[in-house]
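Just so you know, residue 1 is the first one in the sequence shown, and it goes up from there.
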Amino acid sequence: MTSVKEPVDEPVAARATPGLLRLTAVRHTAVALLALFGLYVLSGVLGPYRDLQLAQTAYLVCAAAGLTVLTGLSGQISLGQGAFMAVGAYTAALLINHLHWPLAVVLLASMVVTAALGVIVGAAAARLRGPYLAGATLALAVGLPSLADYHPLTGVLGGQNGLSVTSSPPPAALGETFPLERWQAWVACLCAVITLWLLAGLTHGGFGRSLRAVRDDEVAAALSGIRVARVQIQAFVVAAACAGLGGGLLAFVTTLAAPGAFGLTLSLQLVTAVILGGLGSLPGAVWGSLLLVLVPSWAADLGGAAHLSHDVASNLPLAIYGLVLIIVMIAFPGGIQEAIRRFLVLPASTRVRRRSRF
């Protein structure tokens with residue numbers, strides 16, 4: 001006589017997971033659509049200079065969001081995000097100038113080429129930890145952009161002067177007088193919002209849980225069945241693809257791909273943006289990137305108002321970055337996003353609890 005096993009009740013959390021994931025996806029989609037509408041309205045009231053700043057913020061958001069996944073969620077320290085942006089920018093420049101591909105295809109190709117490089121770098125990085133990984137990516141940030149000045153590649157990559165990128169004008173349907181800066185802001189912001197939307201869905205699923213498990217304890221993650229090396233390589237691929245998109249957008253917005261734009265300073269600025277915004281927080285990548293664009297403008301205005309010398313004024317943005325970083329790390333170790341949650345979310349919940357007492 002065969003025994004029949006009684007069905008075991010599935011845990012409530014497990015039953016609710018698909019529904020919760022669907023609800024989260026709907027919420028992310030609603031936020032993305034709202035952000036697109038807000039950016040569309042904002043670009044209509046801004047002038048050309050502010051539209052250009054909006055586009056700059058958008059392509060930095062793409063690179064910073066990928067670094068957030070790599071460093072904030074996976075726990076791998078990378079100082080080479082600027083080098084990946086260089087690969088994406090030069091890929092876009094070559095495809096636009098020589099093959100005249102449509103912009104959407106060019107940006108996609110920049111992501112694919114950079115992601116392929118991310119596989120190679122990620123495979124090597126999976127064997128390194130801590131300062132060794134930081135040193136390896138630092139060498140990548142310093143060495144890769146300098147290849148443009150390597151004699152056999154100078155004719156292709158333009159040397160120190162870089163490559164001038166053929167400007168992609170707005171579609172004819174928008175009219176002949178449609179501002180180029182607004183078109184660039186539209187394209188860059190659309191790519192940034194889509195990037196954040198895709199990363200939000202990716203990090204709230206099984207991949208995100210694997211990243212956090214590897215970051216917290218690699219041994220425990222391996223014992224639970226997670227392939228640690230594969231997850232780390234995947235994190236590098238995601239970060240590289242995002243940086244490639246950011247680099248392609250940079251070439252599209254600035255119409256130039258030059259090694260001077262992708263030096264070590266850019267990689268350090270992206271790390272600073274991720275830390276300031278909130279390590280591991282995608283909205284934090286937005287706040288940090290916004291600071292990267294606005295601080296130099298504020299510093300220039302401050303230097304002009306204070307009649308500072310050129311040498312002092314040129315170093316003023318670095319001083320402001322350092323001061324803001326110190327203040328944020330002391331007051332809010334979780335970055336700007338933690339400050340926003342503390343001042344906006346916690347007071348509201350406190351009021352609800354207080355009302356429930358009566």
Side-chain angles (χ1 to χ4, degrees), residues 55-74 76-95 106-125 133-134 136-145 147-148 187-188 191-196 198-199 202-203 211 232-254 257-275 277 279-280 282 284-286 288-289 292-293:
Q56 292 173 343
T57 303
Y59 65 65
L60 288 175
V61 165
C62 294
L67 187 60
T68 294
V69 173
L70 178 63
T71 301
L73 297 181
S74 175
Q76 300 181 85
I77 303 174
S78 175
L79 301 177
Q81 197 74 342
F84 289 123
M85 288 187 69
V87 174
Y90 275 97
T91 301
L94 292 172
L95 293 178
V106 167
L107 295 177
L108 183 61
S110 298
M111 294 178 63
V112 172
V113 172
T114 316
L117 178 62
V119 174
I120 300 173
V121 176
L133 177 58
T137 54
L138 176 64
L140 179 70
V142 174
L144 192 60
L147 288 178
V187 173
C191 292
V193 171
I194 292 176
T195 299
L196 292 173
L198 291 174
L199 290 179
L202 190 65
T203 56
L211 288 177
Q232 291 175 335
I233 293 173
Q234 289 172 343
F236 252 98
V237 170
V238 170
C242 293
L245 176 60
L249 289 172
L250 186 149
F252 162 69
V253 172
T254 63
F262 306 101
L264 179 60
T265 302
L266 176 60
S267 296
L268 295 179
Q269 285 179 336
L270 290 173
V271 174
T272 304
V274 169
I275 296 174
L279 198 59
L282 291 176
V286 178
S289 301
L292 288 185
V293 174

Open item on the list: Ignoring hydrogens, what is the shortest heavy-atom contact between Cys62 and Cys242? Give both atom names and the distance.
Closed with: O-CB, 3.2 Å
Open item on the list: For Ser110, is there any backbone N or O sitting under 3.5 Å from a side-chain donor or acceptor partner on Thr91?
Closed with: no
Open item on the list: Ring-plane angle category for Phe236 and Phe84, please: parallel below 30°, perpendicular beyond 60°, tilted otherwise.
Closed with: perpendicular
TODO: Would you confirm whether Thr137, through its side chain, and Ala134, through its main-chain N or O, come within 3.5 Å as a donor-acceptor pair?
DONE: yes
Task: Atom pair CG/CG of Leu270 and Leu292 - distance to nearest 0.5 Å - done: 6.5 Å
- [ ] Drop me the distance from Gln234's CD to Leu202's CG, to the nearest 0.5 angstrom.
- [x] 9.0 Å
Task: Separation between CD1 of Ile233 and CD1 of Ile120, rounded to the nearest 0.5 Å - done: 11.0 Å
TODO: Say whether, by atom type as modelled, one donor and one acceptor occur between the side chain of Thr71 and the main chain of Gln76 under 3.5 angstrom.
DONE: yes
Open item on the list: Quick check: closest heavy atoms across Cys191 and Leu107, and the distance to 0.1 Å?
Closed with: SG-CD1, 3.9 Å
Open item on the list: On a heavy-atom basis, which atom in Leu133 and which in Ala125 lie closest, and how many Å separate them?
Closed with: CD1-CB, 3.3 Å
- [ ] Please report the closest heavy-atom contact between Leu199 and Ala65, naming both atoms and the distance.
- [x] CD1-CB, 3.6 Å
Open item on the list: Using the rule side chain to side chain contact (heavy atoms under 4.5 Å, CB included), only one of Ile194, Leu196, Thr195 pairs with Leu198; which is it?
Closed with: Ile194
Open item on the list: To check you understand the geometry: which heavy-atom pair defines the closest contact between Tyr90 and Ala257, and what is its length?
Closed with: OH-O, 3.3 Å
Task: Check against side-chain contact (heavy atoms from CB on, under 4.5 Å), Val113 and Leu117 - done: CA-CA 7 Å; Val113 172; Leu117 178 62; over 6 Å; no
Open item on the list: If you compare all heavy atoms of Gly244 against all heavy atoms of Thr114, which two are closest, and at what distance to 0.1 Å?
Closed with: CA-OG1, 3.4 Å
- [ ] Answer yes or no: is there a donor N or O on one side and an acceptor on the other, between the side chain of Ser267 and the main chain of Leu79, under 3.5 Å?
- [x] yes
Open item on the list: Consider side chain to side chain contact (heavy atoms under 4.5 Å, CB included). Of Leu211, Thr68, Val69, which one does Ser74 pass it with?
Closed with: Leu211
Open item on the list: When you compare the side chain of Gln269 with that of Leu60, does any pair of heavy atoms fall below 4.5 Å?
Closed with: no
TODO: Using modelled atom types only, decide if a donor and an acceptor are shared between the side chain of Gln81 and the backbone of Ala63 within a distance under 3.5 Å.
DONE: yes
